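Source: prediction; values computed, not measured. Values below: all heavy atoms of this structure, side chains included; hydrogens, waters and symmetry mates excluded. Order of the sequence lines fixes the chain letters, A, B, ..., with proteins taken first and strands second; residue numbering starts at 1 for each chain.
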Amino acid sequence: MTASEAPMQREPAQTIFERSKPGRRAAVLPAAEVPEPPLEELIPARLLRTAPPRLPEVAEPEIVRHYNRLSRRNFDLDSGFYPLGSCTMKHNPRLNERVAALPGHARLHPAQDPVRAQGALELMYLLQESLAEICGLPHVSLQPSAGSHGELAGLLLTRAFHADRGEERHKVLAPDTSHGTNPASVTMAGYEIVKVATDERGGVAVDDLRAKVDEDVACLMLTNPNTLGLFDENIAEIAALIHAAGGTLYYDGANLNAVMGHSRPGDMGFDIVHLNLHKSFSQPHGGGGPGAGPIAVSERIEPFLPRPQVVRREGGSSGPFFDLDHERPKSIGRLRGFQGNFGVFVRAYAYILSLGADGLAEASETAVLNANYLKARLAEGRAGKHLPVAFERHCMHEFVLSGKPMKRELGIATLDLAKRLLDFGFHPPTVYFPLLVEEALMIEPTETEAKETLDAFAEAIEQILAEAEQDPEIARQAPYTTPVRRLDEVKATRKPVVRQPL
Amino acid sequence: MTASEAPMQREPAQTIFERSKPGRRAAVLPAAEVPEPPLEELIPARLLRTAPPRLPEVAEPEIVRHYNRLSRRNFDLDSGFYPLGSCTMKHNPRLNERVAALPGHARLHPAQDPVRAQGALELMYLLQESLAEICGLPHVSLQPSAGSHGELAGLLLTRAFHADRGEERHKVLAPDTSHGTNPASVTMAGYEIVKVATDERGGVAVDDLRAKVDEDVACLMLTNPNTLGLFDENIAEIAALIHAAGGTLYYDGANLNAVMGHSRPGDMGFDIVHLNLHKSFSQPHGGGGPGAGPIAVSERIEPFLPRPQVVRREGGSSGPFFDLDHERPKSIGRLRGFQGNFGVFVRAYAYILSLGADGLAEASETAVLNANYLKARLAEGRAGKHLPVAFERHCMHEFVLSGKPMKRELGIATLDLAKRLLDFGFHPPTVYFPLLVEEALMIEPTETEAKETLDAFAEAIEQILAEAEQDPEIARQAPYTTPVRRLDEVKATRKPVVRQPL
Amino acid sequence: MLAAIGVESSEELFEQIPESLRLARPLALPPGISEAEVHERLAALAARNVDAERQVCFLGAGMYDHYVPAIVDAIVQRSEFLTPYTPYQPEISQGGLQAMFEFQTMISELTALPVATAGLYEGPSSVASAGYLAIAASGGRRRFVVSRGLHPHSRETLATYSRGFGAEIAEVGLEDGLTDATALAAAVGGGTAAVFLQSPNFLGAVEDVEALGAAARQHGALLVVACDPMTLGVLKPPGECGADIALGEGQPLGNRLDFGGPSFGFFCGSEALLRKLPGRIAGETDDVDGRRGFVLALQTREQHIRREKATHNICTAQALNALAATIHLAWLGRGGFRELGELLVRRTAYAGERLAAVAGVELLHGAPVARELALRLDAPVEAVLERCAERGIAAGYALGREYPEHGDGLLVAITERRSREQIDALAEALGAAIAAERGRLPVDTTDNRPVTQEAGR
Amino acid sequence: MLAAIGVESSEELFEQIPESLRLARPLALPPGISEAEVHERLAALAARNVDAERQVCFLGAGMYDHYVPAIVDAIVQRSEFLTPYTPYQPEISQGGLQAMFEFQTMISELTALPVATAGLYEGPSSVASAGYLAIAASGGRRRFVVSRGLHPHSRETLATYSRGFGAEIAEVGLEDGLTDATALAAAVGGGTAAVFLQSPNFLGAVEDVEALGAAARQHGALLVVACDPMTLGVLKPPGECGADIALGEGQPLGNRLDFGGPSFGFFCGSEALLRKLPGRIAGETDDVDGRRGFVLALQTREQHIRREKATHNICTAQALNALAATIHLAWLGRGGFRELGELLVRRTAYAGERLAAVAGVELLHGAPVARELALRLDAPVEAVLERCAERGIAAGYALGREYPEHGDGLLVAITERRSREQIDALAEALGAAIAAERGRLPVDTTDNRPVTQEAGR
Ligand SMILES: Cc1ncc(COP(=O)(O)O)c(C=O)c1O
Ligand SMILES: Cc1ncc(COP(=O)(O)O)c(C=O)c1O
């Protein structure tokens with residue numbers, strides 16, 4: 001055993017079930033303290049389970065070792081650069097974890113009487129107010145659990161809005177650069193998606209839009225800056241077109257990190273906005289959630305907001321009273337259980353308090369600066385030659401390169417480049433999205449990265465391309481140093497094994 | 001960059017100072033809120049610092065990455081087997097960390113009025129009572145900060161005890177197998193150490209002891225089971241000898257994990273015992289502390305215990321009152337600031353509550369069982385041939401092997417075996433201690449390890465010895481897969497670099 | 001950096017935003033403050049909530065005050081689990097992916113259905129997602145038959161979603177706590193896409209899912225069963241009762257109350273539904289050297305590949321919360337999980353007897369219960385709750401708003417944290433409160449220290 | 001396993017313990033309880049302490065209520081730092097060893113002395129250890145001259161140790177808060193092993209260490225200076241004042257109050273003392289391939305090598321606490337550390353003015369102060385403290401027990417957590433309490449809610 005194999009590669013994956021030994025356990029439970037008749041005397045036998053679930057049997061020390069070892073098989077934001085485009089992988093302040101864990105938050109039951117949950121309700125109210133100001137829209141619902149949930153909410157609001165005016169519309173427009181959740185949400189909300197083309201500047205092709213706007217269009221969904229990292233300069237005109245046709249304008253806020261304190265969706269004419277608190281507002285991604293996707297809306301949409309809504313009632317002597325308002329006759333109703341992902345709200349509000357007005361604006365400014373700097377670095381050397389930027393303009397918080405020339409000239413695809421980056425200790429950018437750009441690499445450095453890191457990333461790309469000029473196989477076979485190497489995803493879909501046979 | 005070098009080996013060590021960039025920082029401080037005159041107006045200039053300390057300048061994201069990366073350059077108990085003899089590397093329950101962090105413990109000021117620290121003082125009192133019962137001695141002081149501090153306390157108590165009887169004695173006896181802190185403490189307490197030989201059964205050579213006991217002997221320090229992992233069967237006779245000569249008997253409790261609930265130092269005739277809460281009572285070792293070394297003593301020693309002492313006063317209506325007693329005329333005085341390592345007391349008490357009387361006895365039973373099982377496994381195969389046990393008897397919680405035949409027959413020293421174990425993902429045993437045994441390997445598996453782990457360790461030793469039969473160089477050059485390989489310790493002592501030049 | 005970009009100032013970079021749309025003023029938010037101050041501010045807000053540490057909590061209704069073992073927090077707070085994104089690069093995400101695989105296996109074991117996903121947002125939206133799936137799986141049927149025993153939040157969320165994708169809902173009432181079997185049979189027909197049941201249902205009653213499910217099977221409708229995971233060690237699992245889909249709120253497994261979230265929804269199905277399921281699914285496979293590994297399987301169901309044809313729109317879900325559940329279940333283990341279920345059933349039975357013996361209190365129904373029970377109070381529920389709160393007890397969940405027919409109803413939840421002593425204290429408090437209300441005694445406001453501390457001794 | 005060992009039962013293994021010494025009964029301790037119950041039990045005990053979250057804390061006297069940034073807890077709680085033993089195997093302990101090296105560098109920067117160790121137990125025992133070192137370093141001199149400004153715990157601990165290794169102690173008094181320079185000069189002589197000073201001293205006064213140190217230099221005695229690390233961003237460091245040894249209590253750096261421990265003691269010395277220092281020292285070196293690495297250096301000083309000839313007996317120290325300090329100092333950074341020092345000096349100055357203006361309160365001395373000040377109260381101190389406590393304020397540390405000459409003395413400590421608002425509240429509380437005591441008003445016991453929460457808004 002020399003180092004020829006990376007240590008973790010030597011450790012074959014073993015599941016917790018494979019560490020199980022009959023009779024072992026970690027948990028010690030409290031004594032029953034009450035009479036212990038056979039269960040059959042309390043619940044009819046036919047409703048009872050005969051064989052218990054085959055959960056693993058492992059003592060605590062081995063459980064801790066198992067999951068600690070597993071954790072080391074992850075790459076994470078606290079290990080290195082994570083320029084995953086559209087995902088805003090910014091530093092997650094530990095303070096936020098600390099305040100979210102305070103018993104007053106963590107052990108507060110969601111059905112607690114508002115009289116005894118004033119702190120939580122006030123926090124939600126303050127967050128609503130802050131997000132409203134940031135979006136430039138008067139009303140906010142914190143209920144949606146993530147961005148896609150916010151999109152669905154927005155489309156249901158749109159439906160309710162039209163229905164309230166006695167209209168039923170069937171089409172929703174979205175650019176061909178839109179994120180996959182947009183069309184998926186459209187279908188789920190019972191609408192039909194209509195794609196709008198992108199113009200040579202990377203914005204919405206206004207003529208194509210004009211051609212497609214009519215009385216049957218319920219809504220236009222936009223991301224601005226869009227998924228190319230470009231701000232749509234024609235947004236005012238676009239908004240006018242949609243509003244003229246009586247449609248609503250929906251803002252996918254996943255890219256808000258570019259414009260906080262600099263420009264507001266409400267001022268651009270949007271009626272409905274969702275925000276990803278797990279992106280712009282530093283909620284850790286947790287390997288795929290939790291998140292939260294609050295929505296901010298204009299006056300005309302407000303009546304339809306989900307139920308319940310957090311409200312501030314001007315109480316008497318005892319000052320204001322924060323309450324849950326269930327009496328919303330025109331509401332689209334609930335989107336989920338209870339009041340939303342409160343723990344995420346605590347973190348987001350702590351983040352807003354920490355940065356404040358200036359801090360948020362500075363964050364966006366630095367995010368944009370970092371993106372443009374990295375874009376400039378990657379315009380030099382081999383990257384400049386083989387990885388041209390898709391649309392040559394200043395970008396906002398992210399930018400998209402095309403690996404098409406690289407593939408043609410060096411014989412390595414965007415996927416190969418991404419996999420090779422793993423050996424250099426970097427998380428790759430988002431790849432093959434947006435679909436519009438061939439062999440796309442979508443790069444979002446965020447504001448919390450240092451210049452040295454951006455430089456090191458640019459140098460790694462340069463090295464990989466140089467290497468590929470000599471021998472493209474190196475990248476084609478990469479990675480080499482990761483816990484596992486390239487995995488057979490086809491097999492996983494053809495013959496899916498989605499649970500352990502016991 | 002293939003896997004030929006372990007990933008971490010590629011990452012050269014870089015200190016936080018080397019990540020520093022002028023002007024960067026993590027901390028945001030509160031505003032002064034008060035007048036801000038130049039400091040010279042508040043404190044005479046000659047008492048002020050001119051140039052601030054050159055601390056690193058790094059933003060929070062990079063600080064977190066730095067220390068997270070550093071952490072991965074450590075092997076730890078939650079990663080794998082850690083049979084470090086004499087150190088009792090047992091599982092550290094996370095519950096203990098949780099309760100120690102409760103604000104009522106973590107943010108309690110040590111000078112808080114006892115009236116407002118009743119919970120803390122009661123906890124200390126309850127821990128004293130529990131340890132007294134476990135040791136079989138009536139009185140406990142929690143003050144010493146670790147085992148060696150407890151030893152010093154014990155020797156100062158011994159001095160005070162003799163002085164109180166108008167005697168001054170000069171010698172302290174300890175077996176040649178004793179831990180280094182024993183003689184070091186003896187010197188520090190102003191005594192002279194006299195070594196006692198070990199007999200063929202691994203216990204104190206009673207004849208040698210008898211020859212050395214006289215009126216000038218202040219104390220005998222023993223570990224029982226001793227550092228060979230063997231219980232001294234003559235302990236009663238030994239105690240009688242010392243007491244007859246008017247000396248005190250000191251019990252180094254580092255090995256208590258072998259006998260909890262099975263045998264008690266007080267019943268063996270010891271006057272003074274120290275316990276390592278960071279061994280038998282699951283306080284995590286923290287890479288070298290913190291710990292705590294409470295002492296339990298007999299009636300005749302009690303008057304001299306350190307100041308202050310936690311006492312229970314039978315209060316009136318409001319029930320008992322827990323207090324700090326400073327009025328102890330015969331006390332040896334303070335050994336440290338405030339009341340001791342309270343955070344460690346919380347963890348130890350939580351551990352005692354969790355296991356209870358039966359649990360503690362079972363823990364020791366399993367510790368002894370695991371040690372004897374591993375000893376048996378290592379008596380087989382190549383280990384049995386090249387690594388004989390130093391004293392062939394049932395052991396208690398640990399046992400000592402000799403690498404002498406291995407060195408002679410295979411040409412690899414105990415150190416080489418230890419280093420090679422690193423490549424197999426095991427922490428090596430304690431090596432070259434006790435001094436009595438040539439090329440010693442001192443192995444303590446503890447009760448929290450599973451049989452599979454013990455078997456895997458035995459197999460690793462077997463493999464390494466087999467490998468050495470083929471090519472001893474493999475072990476002599478080991479390790480290969482660690483973040484760094486063998487380090488030049490001589491250089492570190494000859495030309496010490498103990499801080500970063502800035 | 002500016003030089004490399006070729007601009008004078010970073011403002012220049014914002015000039016792509018039309019002047020008129022650039023915010024000319026700072027945001028109307030306070031300036032940033034120090035970490036110490038943020039902590040103090042939020043601690044002050046938190047202190048104005050009465051949480052389960054300051055009050056004995058008998059509230060349930062879908063989320064429960066179970067003890068979360070310390071190893072759960074310790075592990076989920078590790079950067080390696082806390083901070084990565086969804087595992088799009090499997091080679092460096094094996095930790096998260098394997099954990100998902102273990103989670104799916106455990107949940108599949110709990111429900112006795114062959115396939116489990118990596119999880120959805122939470123319980124009620126998972127119910128709505130099952131509705132969306134049922135339409136596709138039933139070849140376009142658009143009618144749901146729903147038991148009134150299904151959590152009100154689930155029914156309301158299903159209704160909200162249904163107004164979007166288009167489906168009608170027929171509700172079936174309860175008889176003495178249980179779903180009215182005859183009414184259910186009558187309501188199900190050829191046009192029914194799915195039948196929705198919950199067991200234990202919202203009133204705590206254990207339903208005979210197998211019997212009720214017959215109607216669904218007969219008409220080829222999917223049987224969707226919502227369940228409380230903590231009862232699956234003792235109650236017959238949905239998979240053994242003919243359910244096509246089993247789902248529910250995951251909070252009781254390793255997740256804190258957090259005033260309602262984040263938690264997760266679990267979602268299991270039959271083999272037949274595998275390629276129609278919503279959300280992430282981890283699958284086992286090999287790497288090029290034959291090493292065992294895990295990936296996101298069946299991505300062709302998902303929005304990032306299939307876009308408008310995806311089986312669901314979900315992207316970011318609740319991976320960390322599912323990890324917490326995985327660790328909690330590993331900690332409980334086969335034996336502990338079953339014992340915990342037994343403990344809940346027995347303490348709930350004790351609570352039922354103890355509380356029903358209180359003057360002015362009776363059981364709302366006679367059906368078997370597992371971990372939560374519904375009471376009928378002979379005094380205004382809100383007033384009684386207030387009086388109990390003043391003694392440091394959150395006595396339960398008032399049924400009135402969501403079940404007008406039970407304006408006098410109170411739902412009381414039991415966990416392993418609710419000791420016999422605390423149940424007895426509840427009985428006393430309820431008795432005193434009801435007596436006081438009947439006698440209109442003035443509310444006693446002196447002693448509102450939490451009783452947990454006494455209980456702790 | 002028994003078979004492999006060749007015994008019938010594990011009891012057999014205990015037969016090596018003489019029958020008479022085997023405990024024939026179970027330990028008289030309660031049976032084990034569940035994790036949830038242990039948590040509840042300890043939470044109940046913790047609730048009976050009034051900590052700095054429930055009371056505005058002006059207590060200091062060596063340990064201070066500073067804010068510990070969240071990243072400190074997050075990092076020190078990682079298993080990789082929390083659970084290893086002392087780094088005896090450097091190849092797999094580079095994380096801990098490098099952290100020690102960084103710690104030593106930071107502390108050396110703070111004190112402006114070239115060498116720092118990896119740390120000792122805490123402040124006072126570090127002072128005693130300096131005494132032990134001084135005897136060896138001075139070729140056997142056994143007399144210490146100690147300022148009465150040195151922390152009483154340090155003086156007492158030094159005395160305790162001295163009775164062991166043998167040394168006499170001469171104490172030098174204070175004049176208007178500062179060490180009496182003439183008396184000190186008179187006390188130091190050819191037999192003096194070391195002179196011990198503290199700055200700021202126990203009464204908060206900033207000493208002129210350089211001037212006082214002259215006597216020590218003149219007679220070849222070591223100058224040992226105890227200091228508060230949080231003041232070293234603004235006060236002239238010991239190394240620039242001629243100190244041979246600088247040491248102190250490390251708690252203010254990244255460590256919680258924990259009712260007094262665990263924390264750590266830092267210990268710095270001149271090059272000349274390098275091989276005489278107590279405890280662990282990390283050093284830089286290379287591995288066989290030339291890679292940079294770190295090891296425990298100069299182990300030949302230590303007990304495990306030198307046994308009775310070791311420079312000290314310490315083994316397990318306080319590594320994790322020193323790591324916390326390292327992270328806290330990295331977080332503060334060059335700028336933040338200095339600003340924090342300035343903040344303390346200015347708020348302390350404000351407090352001095354504000355409090356001295358209160359009727360019945362005057363400054364105990366006129367010497368300059370940095371972060372703590374001594375007051376003289378014109379009313380019984382204990383009674384005043386009690387009244388303030390009832391308003392949710394821990395007003396400070398009563399000097400009477402340790403300084404009988406200051407029976408009316410109160411020591412008030414300031415940290416960045418003590419806002420101007422809180423200082424004003426203290427002034428009010430003191431004023432009211434003193435007035436009440438003079439007028440012997442009855443103690444008001446109604447309102448003892450913590451004021452921190454209000455302060456938080
Ligand atoms: C542009 C865009 N829209 C929508 C989403 C969906 O947000 P969520 O993952 O929170 O559902 C994402 C997330 O990747 C996104 O990047
Ligand atoms: C036998 C023995 N005695 C004493 C000690 C010293 O204990 P501590 O490290 O807590 O000072 C140890 C610790 O290694 C030991 O093993």
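- A salt bridge does not link D:E156 with B:R336: every distance from a Lys NZ or Arg NE/NH1/NH2 to an Asp or Glu carboxylate oxygen is 4.0 Å or more.
- For the pair B:S148/D:Y121, a side-chain contact is recorded, criterion being any heavy-atom separation below 4.5 Å from C-beta on.
- Contacts of B:P479 with chain D are made by side-chain atoms alone, with heavy-atom separations under 4.5 Å and no backbone atom involved.
- Here B:M89 contributes atom CE and D:T83 contributes atom OG1; the two are 6.5 Å apart, rounded to the nearest 0.5 Å.
- In terms of non-hydrogen atom pairs under 4.5 Å with chain B, the most contact-rich of D:P84, D:A319, D:A46 is D:P84.
- For chain B, the nearby part of D:I281 is the side chain; its heavy atoms alone come within less than 4.5 Å.
- When heavy atoms are compared at a cutoff of 4.5 Å, D:L343 approaches chain B solely by way of its side chain, counted from C-beta outward.
- The side chain to side chain donor-acceptor pair (under 3.5 Å) test with B:Y67 is passed by exactly one of D:R78, D:E102, D:E80: D:E102.
- Formation of a donor-acceptor pair under 3.5 Å by the D:T160 side chain with backbone atoms of B:R334 is found in this model.
- Interface residue B:V99: only side-chain heavy atoms are found under 4.5 Å from chain D.
- Checked by atom type and distance alone, the side chain of B:H394 never pairs as donor or acceptor with a backbone atom of D:Q16 at under 3.5 Å.
- At a cut-off of 3.5 Å, with distance as the only test, no side-chain donor of B:T187 or D:E308 sits close to an acceptor on the other residue.
- The existence of a salt bridge linking B:R46 and D:E210 is excluded, since no basic side-chain nitrogen approaches an acidic carboxylate oxygen closer than 4.0 Å.
- Distance NE2/B:H109 to SG/D:C57: 5.0 Å, rounded to 0.5 Å.
- For the set B:A350, B:P52, B:A146, B:G287, the entry with the most heavy-atom pairs within less than 4.5 Å of chain D is B:G287.
- Contact annotation for B:N92: only side-chain heavy atoms (C-beta onward) come within less than 4.5 Å of a heavy atom of chain D.
- For a residue to count as touching a neighbouring chain, one of its non-hydrogen atoms must lie under 4.5 Å from one of that chain's; by this rule B:L102 touches chain D with the side chain only.
- Heavy atoms closer than 4.5 Å to chain D are found in both the backbone and the side chain of B:A101.
- For chain B, the nearby parts of D:A28 are the backbone and the side chain; heavy atoms of each come within less than 4.5 Å.
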Exercise. Going through the checks in order, is the side-chain contact (heavy atoms from CB on, under 4.5 Å) test met by B:E133 and D:L29?
Worked result: CA-CA 8 Å; B:E133 165 66 7; D:L29 296 173; 4.3 Å; yes
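- Between D:H304 and B:F433, the distance from one ring center to the other does not fall under 6.0 angstrom.
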For this session: I would like to know whether B:H105 and D:F259 meet ring pair (Phe, Tyr, Trp, His ring centres under 6.0 Å); could you show each step before the answer?
Result: CA-CA 7 Å; B:H105 296 141; D:F259 199 47; 9.5 Å; no
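- Only the side chain of D:I71 has a heavy atom closer than 4.5 Å to any heavy atom of chain B.
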For this session: Take D:L235 and B:R49, measure what side-chain contact (heavy atoms from CB on, under 4.5 Å) needs, and give me the verdict at the end.
Result: CA-CA 5 Å; D:L235 297 185; B:R49 183 164 199 152; 5.8 Å; no
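- Heavy-atom distances place the backbone of D:A282, and not its side chain, under 4.5 Å from chain B.
- Residues B:L29 and D:L332 have side chains in contact (heavy-atom distance under 4.5 Å, counting atoms from C-beta outward).
- Both the backbone and the side chain of B:A120 come within contact range of chain D, with heavy atoms under 4.5 Å apart.
- Between B:L39 and D:E342, some side-chain heavy-atom pair lies under the 4.5 Å cut-off.
- With a 4.5 Å cut-off on non-hydrogen atoms, B:A100 touches chain D through its backbone and its side chain both.
- The shortest distance between side-chain heavy atoms of D:Q303 and B:M188 does not fall below 4.5 Å.
- When heavy atoms are compared at a cutoff of 4.5 Å, B:L369 approaches chain D by way of both its backbone and its side chain.
- Both the backbone and the side chain of B:L48 come within contact range of chain D, with heavy atoms under 4.5 Å apart.
- A 4.5 Å side-chain heavy-atom check between B:R485 and D:D289 finds at least one atom pair inside the cut-off.
- The parts of D:C315 that come within reach of chain B are both its backbone and its side chain, each placing non-hydrogen atoms under 4.5 angstrom from that chain.
- From D:F101, atom CZ reaches atom CZ of B:F17 across 8.5 Å, with rounding to the nearest 0.5 Å.
- Residue B:L422 touches chain D through its side chain alone, counting heavy-atom pairs closer than 4.5 Å.
- Heavy atoms closer than 4.5 Å to chain D are found nowhere in B:P306, neither backbone nor side chain.
- One finds a salt bridge joining B:E122 and D:R48 here, because a Lys/Arg side-chain nitrogen approaches an Asp/Glu carboxylate oxygen to under 4.0 Å.
- Put simply, the side chain of B:Q500 does not reach to within 4.5 Å of the side chain of D:S108, judged on heavy atoms.
- The side-chain heavy atoms of B:Y373 and D:L2, taken from C-beta on, include no pair separated by under 4.5 Å.
- Residue B:S79 does not touch chain D at all, counting heavy-atom pairs closer than 4.5 Å.
- Contact of D:D65 with chain B is made through the side chain alone, with heavy-atom distances under 4.5 Å.
- We find the CG-CD distance between B:N341 and D:E122 to be 7.5 Å, quoted to the nearest 0.5 Å.
- Most heavy-atom pairs under 4.5 Å with chain D: of the set B:A361, B:G359, B:G261, this distinction falls to B:G261.
- Classification of the D:Y161-B:H149 ring pair by plane angle, with boundaries at 30° and 60°, yields tilted.
- For the pair B:K419 and D:E91, the salt-bridge criterion is met [side-chain N within less than 4.0 Å of a carboxylate O].
- By the 4.5 Å heavy-atom criterion applied to side chains, B:E33 and D:S419 are counted as neighbours.
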Exercise. Is there a side-chain contact (heavy atoms from CB on, under 4.5 Å) between D:T285 and B:E489 once you walk through the steps?
Worked result: CA-CA 7 Å; D:T285 186; B:E489 310 214 12; over 6 Å; no
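- Judged by distance alone, the side chain of B:N74 and the main-chain N or O of D:G95 form a donor-acceptor pair under 3.5 Å.
- Neither the backbone nor the side chain of D:V76 comes within less than 4.5 Å of any heavy atom in chain B.
- Proximity to chain B (any heavy atom under 4.5 Å) is restricted, for D:R338, to the side chain, taken from C-beta onward.
- Proximity to chain B is limited to the backbone of D:P31, based on heavy atoms less than 4.5 angstrom apart.
- B:L487 pairs with exactly one of D:Q94, D:R292, D:E284, D:R291 by the side-chain contact (heavy atoms from CB on, under 4.5 Å) rule, that one being D:Q94.
- For D:Y350, the part lying under 4.5 angstrom from a heavy atom of chain B is the side chain only.
- Contact annotation for B:E60: only side-chain heavy atoms (C-beta onward) come within less than 4.5 Å of a heavy atom of chain D.
- If you run side-chain contact (heavy atoms from CB on, under 4.5 Å) between D:L27 and each of B:I352, B:I134, B:D358, only B:I134 comes through.
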